[in-house]
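Shown next, in structure tokens, is the structure this report addresses.
Bear in mind the structure is a predicted one, so any value in this text is a computation, not a measurement.
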Amino acid sequence: MIDTHSRREALSVVSAWHENDLSREPNTTNPLQQFGRDVFSERVMRERLPKDVFKLLVRTIRLGEELDHSIADTVANAMKDWAIENGATHYTHWFHPLTGTTAEKHDSFLTPDGLGGAIMEFSGSALVQGEPDASSFPSGGIRGTFEARGYTAWDPTSPVFLNRSGNTVTLCIPTAFVSYTGEALDQKTPLLRSMDAVSEQAIRILKVFGTAQGVSRVFSTCGPEQEYFLIDRRYYLARPDLLLCGRTLFGAKAAKDQQLEDHYFGSIPERVQAYMAECERELYALGVPVKTRHNEVSPAQYEIAPIFESANIAADHQQLVMQVLRKNAPKFGMQCLMHEKPFAGINGSGKHNNWSLATDTGVNLLDPKDDTHTNMQFLVVLCAVIRAVDIHADLLRAAVASAANDHRLGANEAPPAIISIFLGDMLQDIVDQLETGATKSTIKGRKLDLGANTLPDLPLHTSDRNRTSPFAFTGNKFEFRAVGSSQSIALANIVLNTIVAESLDAIAGELEKHAGNEAKLKSAVAKLLQDIIKKHKRVIFNGDGYTKEWHEQAEKRGLPNFRNTVDALPALKSKKAVDLFKKYGVFSKVETESRYHVYVEQYIKQVTIEANTAVQMAKTAILPAAIRQQTELAEAVSATQAADVDCSELREHLEEFVASVAELRSAIRGLEDKLDHHDANHEKHAKHLRDEVLPAMLEVREVADNLERHIAEDIWPLATYREMLFIK
């Protein structure tokens with residue numbers, strides 16, 4: 001715990017950092033020279049590989065063709081030489097298990113030569129395939145403790161990179177991770193499968209409209225924005241709840257937090273900006289195209305955002321972003337918090353998943369162009385997305401479900417748990433026209449006159465933005481705002497790719513009958529899109545998603561509203577979901593059901609850890625502090641009485657405080673009783689935690705937070721919200 005002396009010491013540490021570190025000359029390294037320095041990129045491959053090998057590998061990377069194993073030894077040797085020249089001594093197969101983070105096992109390039117010496121070797125077989133233990137990762141029942149064998153398989157479409165940590169350099173090879181029996185145990189394998197599925201169906205649509213010439217593949221693209229908090233590290237280490245749970249389980253609101261709306265886009269604090277610059281330099285070297293940095297809404301909250309990439313590479317890069325943000329913060333005396341709600345009462349953090357479809361020739365299929373009402377191909381893709389989101393809103397909600405995200409979704413800071421689509425004025429007008437059977441016009445943008453001669457007229461977009469919508473069209477993409485800040489973006493994109501593939505499949509099946517006949521095709525498109533809008537327009541909502549009226553209206557429309565993870569996750573094991581994923585080869589039935597079991601177990605474990613931490617903190621820190629305060633009050637009453645001075649008000653204060661301490665004891669006992677419950681049925685156990693344990697935790701917190709407001713600062717054992725949020 002942290003006392004007043006430690007608080008003063010923390011402040012001196014911050015001051016010393018500013019004095020010693022901010023006086024250094026800024027790093028003026030040209031980021032263009034650093035970009036991709038630590039990546040085995042196509043440029044490096046071209047320099048180091050024979051032409052025929054390079055061409056074969058590039059076809060796999062760009063066109064998704066199967067890897068020619070005959071070239072593996074040549075590629076591995078070039079990769080090894082490049083890595084060693086850059087200081088690497090080890091390599092690892094870097095993969096995404098179902099923990100939401102990444103995993104790696106390091107092996108040395110060093111191999112005994114049989115003559116008492118050693119050589120540096122790296123074979124094609126070591127590059128292509130690894131064998132980690134598959135029983136120690138979440139598998140949802142696919143693997144048991146006695147069934148340990150699993151495989152990692154090189155993903156050539158994601159760049160190999162160097163991880164520089166401390167005094168070591170490691171060659172990291174992005175891989176898939178599968179069971180000995182072939183089931184996917186990771187996020188990458190189904191993501192790649194879903195990208196294949198949506199590509200295949202999107203190309204059918206292009207062929208219908210005669211625009212497939214030169215197109216070999218359609219990629220789902222993604223640009224995930226990452227929100228996070230930064231606090232002084234000493235406070236983080238002094239709070240068991242932040243250390244073990246990632247969020248504060250206790251803490252009274254500070255007198256000031258975000259009421260003045262002065263933090264958002266404000267001047268970035270110097271220590272924070274130095275940290276951001278360090279992270280960006282490292283990410284540039286890793287080839288991660290980060291573009292934006294700024295203060296977010298809450299005090300101590302910030303955001304970083306990249307340029308769009310293929311969804312697979314974006315998912316890998318997003319994990320690197322989180323890793324780099326976390327790794328660098330302690331160098332600056334800070335801690336990076338990525339929990340969706342680290343502090344109660346102020347905005348939490350999300351990860352806006354900007355999703356689109358683009359051909360390998362550079363055409364964005366969600367670009368409406370100027371005369372949108374005549375762009376039939378765009379309107380088909382748009383309506384495919386509308387249809388997909390309406391039919392599978394439950395799957396999208398399940399894809400972002402977690403114990404942490406439950407604290408954020410539905411609050412007036414993030415999209416509601418009801419999945420709906422925002423289109424904006426221009427597209428809404430066209431959708432209304434489609435419903436009548438014909439499109440005749442497109443609302444045009446205009447100029448905005450700012451009324452001052454020195455200011456330019458601004459081109460005005462054809463629609464506003466809607467930050468209350470969980471799935472909003474934002475110009476040439478959809479922004480899925482419900483993904484949690486600590487989550488991998490993989491599952492959200494797996495679901496998006498698969499449900500849109502299904503819609504494109506259904507639409508292509510109808511339109512292919514009329515391909516080649518322009519008049520019949522145009523008529524068929526108009527009729528089909530009219531039917532889609534009539535059936536699925538209920539999911540379109542352009543208003544304020546935070547209002548009570550919208551919740552009531554959504555219920556009348558029949559839109560699902562899964563308010564928490566326990567209600568949302570069963571969608572993953574529904575027959576509809578199983579059949580969908582199986583049809584497009586994304587998940588087998590076993591793989592789909594395993595995800596449900598993994599995520600329910602994670603919910604149970606997370607809430608249980610939080611509840612046990614709350615009990616421990618309440619009993620060993622907050623209650624003893626309250627008793628010390630009570631003792632001091634009692635001594636003050638006794639001394640005042642001995643001095644023959646009226647102490648009726650002081651006695652009343654003591655009695656009220658004693659009652660609050662007794663209330664805390666009672667609340668702790670209540671939480672312990674609720675925790676003393678075990679059910680072999682995970683679904684029932686999760687429901688018990690949601691319905692009984694979480695409310696009991698909240699009761700303990702409410703009493704403890706009230707006590708914090710009445711306990712002397714030199715007695716209160718925890719870093720306060722005021723300190724954590726405003727010491728920068």
Checklist entry - Under a 4.5 Å cut-off applied to non-hydrogen side-chain atoms, are Ile346 and Tyr721 in contact? => result no
Checklist entry - Is the shortest heavy-atom distance from the side chain of Glu610 to the side chain of Leu249 under 4.5 Å? => result yes
Item to check | Polar side-chain atom of Ser469 near backbone of Asn466 as donor-acceptor pair, under 3.5 Å | outcome: no
Checklist entry - Does the pair Phe250 and Glu708 meet the rule for a side-chain contact (heavy atoms from CB on, under 4.5 Å), with working shown? => result CA-CA 9 Å; Phe250 302 98; Glu708 180 185 343; 5.9 Å; no
Checklist entry - Can a salt bridge be assigned to the pair Arg690 and Asp567 using a cut-off of 4.0 Å between side-chain N and carboxylate O? => result yes
Item to check | Donor-acceptor contact below 3.5 Å, side chain Glu692 vs main chain Lys687 | outcome: no
Checklist entry - What distance do Arg595 atom CZ and Leu98 atom CG have between them, rounded to the nearest 0.5 Å? => result 4.5 Å
Item to check | side-chain contact (heavy atoms from CB on, under 4.5 Å) between Leu283 and Val321, worked out | outcome: CA-CA 7 Å; Leu283 290 168; Val321 167; 4.1 Å; yes
Checklist entry - Could you state the interatomic distance from CZ (Phe332) to CZ (Arg271), rounded to the nearest 0.5 Å? => result 10.0 Å
Checklist entry - Can you find a heavy atom in the side chain of Asn163 that is under 4.5 Å from one in the side chain of Lys327? => result yes
Next on the checklist: If you count heavy atoms of other groups shown closer than 6.0 angstrom to CZ of Arg563, is the number above 12?
Outcome noted: no
Checklist entry - Do the two ring centres, one from Phe95 and one from Phe137, sit under 6.0 Å apart? => result yes
Item to check | Donor-acceptor pair, side chain of Ser638 and main chain of Glu635, under 3.5 angstrom | outcome: no
Next on the checklist: Could you report the tightest heavy-atom contact between Lys619 and Glu672, atom names first, then the distance?
Outcome noted: NZ-OE2, 2.9 Å
Checklist entry - How many angstroms lie between atom CH2 of Trp716 and atom NE2 of His710, to the nearest 0.5 angstrom? => result 12.0 Å
Checklist entry - Got a sec: does the CD of Glu555 have more than 12 other heavy atoms crowding it under 6.0 Å? => result no
Checklist entry - More than 12 non-hydrogen atoms from neighbouring residues, nucleotides or ligands closer than 6.0 Å to CD on Glu552, yes or no? => result yes
Checklist entry - Would a 4.5 Å heavy-atom cut-off, applied to side chains only, mark Leu633 and Leu650 as touching? => result yes
Item to check | Shortest non-hydrogen contact between Pro132 and Phe177, atoms and distance | outcome: CG-CE1, 3.5 Å
Item to check | Student check: side-chain heavy atoms of Trp550 and Ile418 closer than 4.5 Å | outcome: yes
Item to check | Any donor-acceptor N/O pair, Arg233 side chain to Ala329 backbone, under 3.5 Å | outcome: no
Next on the checklist: I'd like to know whether Glu683 forms a salt bridge (Lys or Arg N to Asp or Glu O under 4.0 Å) with Lys573, so could you lay out the CA-CA distance, the side-chain angles of the two residues, the decisive distance to 0.1 Å, and finally the verdict.
Outcome noted: CA-CA 12 Å; Glu683 192 168 327; Lys573 63 173 183 174; 3.1 Å; yes
Checklist entry - Without hydrogens or angle criteria, can the side chains of Ser349 and Gln301 be said to hold a donor-acceptor pair below 3.5 Å? => result yes
Checklist entry - Would a distance-only check, ignoring hydrogens and angles, find a side-chain to backbone donor-acceptor pair under 3.5 Å from Glu479 to Ala472? => result no
Next on the checklist: Is the shortest side-chain heavy-atom distance between Asp714 and Arg628 below 4.5 Å?
Outcome noted: no
Checklist outcome for this item: When rounded to the nearest 0.5 Å, the distance separating CD of Glu280 from CG of Leu325 is 9.5 Å
Checklist entry - If you look at every heavy atom in Asp241 and Thr613, which pair is closest and at what distance? => result CA-CG2, 4.0 Å
Checklist entry - Side chains of Glu303 and Thr292: is there a donor and an acceptor less than 3.5 Å apart? => result no
Next on the checklist: Measuring from atom NZ of Lys684 to atom CD1 of Ile604, what distance do you get when rounded to the nearest 0.5 angstrom?
Outcome noted: 13.0 Å
Checklist entry - Is the backbone of Phe265 close enough, under 3.5 Å, to the side chain of His294 for a donor and an acceptor to pair up by distance? => result no
Next on the checklist: Check whether Arg481 reaches the backbone of Arg467 with its side chain - one donor and one acceptor, N or O, closer than 3.5 Å.
Outcome noted: yes
Item to check | Residue pair Lys256 / Phe726: nearest heavy atoms and the distance that separates them | outcome: O-CE1, 3.1 Å
Item to check | side-chain contact (heavy atoms from CB on, under 4.5 Å) between Val290 and Met276, intermediate numbers included | outcome: CA-CA 11 Å; Val290 291; Met276 288 176 167; over 6 Å; no
Item to check | Carboxylate-amine/guanidinium contact Arg722 Glu713, below 4.0 Å | outcome: yes
Next on the checklist: Is any side-chain heavy atom of Val272 closer than 4.5 Å to one of Met334?
Outcome noted: yes
Item to check | Main-chain N/O of His263 paired to Asn295 side chain as donor or acceptor, under 3.5 Å | outcome: yes
Checklist outcome for this item: All heavy atoms of Ser488 vs all of Gln319, minimum pair found to be CB-NE2, 3.4 Å
Checklist entry - Taking the six-membered ring for Trp, are His407 and His339 parallel (under 30°), tilted (30 to 60°) or perpendicular (over 60°)? => result tilted
Checklist entry - Checking Asn706 side chain against Glu702 main chain: does a donor-acceptor pair fall under 3.5 Å? => result no
Checklist entry - So, Gln187 and His96: side-chain donor and acceptor under 3.5 Å apart, yes or no? => result no
Next on the checklist: Within the supplied structure, the quantity of interest is the number of heavy atoms (other residues, nucleotides, ligands) at a distance under 6.0 Å from Gln259 CD; does it exceed 12?
Outcome noted: yes
Checklist entry - Which is it for Thr720 and Tyr235 under the side-chain contact (heavy atoms from CB on, under 4.5 Å) test, yes or no, and what are the steps along the way? => result CA-CA 9 Å; Thr720 66; Tyr235 296 144; over 6 Å; no
Checklist entry - Can you find a side-chain donor-acceptor pair between Asn347 and Glu296 that sits under 3.5 Å? => result no
Checklist entry - Roughly how far, to the nearest 0.5 Å, is CE of Met697 from NZ of Lys674? => result 14.5 Å
Next on the checklist: Using every non-hydrogen atom in the two residues, find where Leu496 and Phe480 come nearest and quote the distance to one decimal.
Outcome noted: CD1-CD2, 4.5 Å
Checklist entry - Near Asp644 CG, under 6.0 Å, is it more than 12 heavy atoms from other residues, nucleotides or ligands? => result no
Checklist entry - Within a strict 4.5 Å, meaning less than it, do heavy atoms of the Pro138 and Thr99 side chains meet? => result yes
Item to check | Short side-chain to backbone donor-acceptor contact, Arg701 and Gly251, under 3.5 Å | outcome: yes
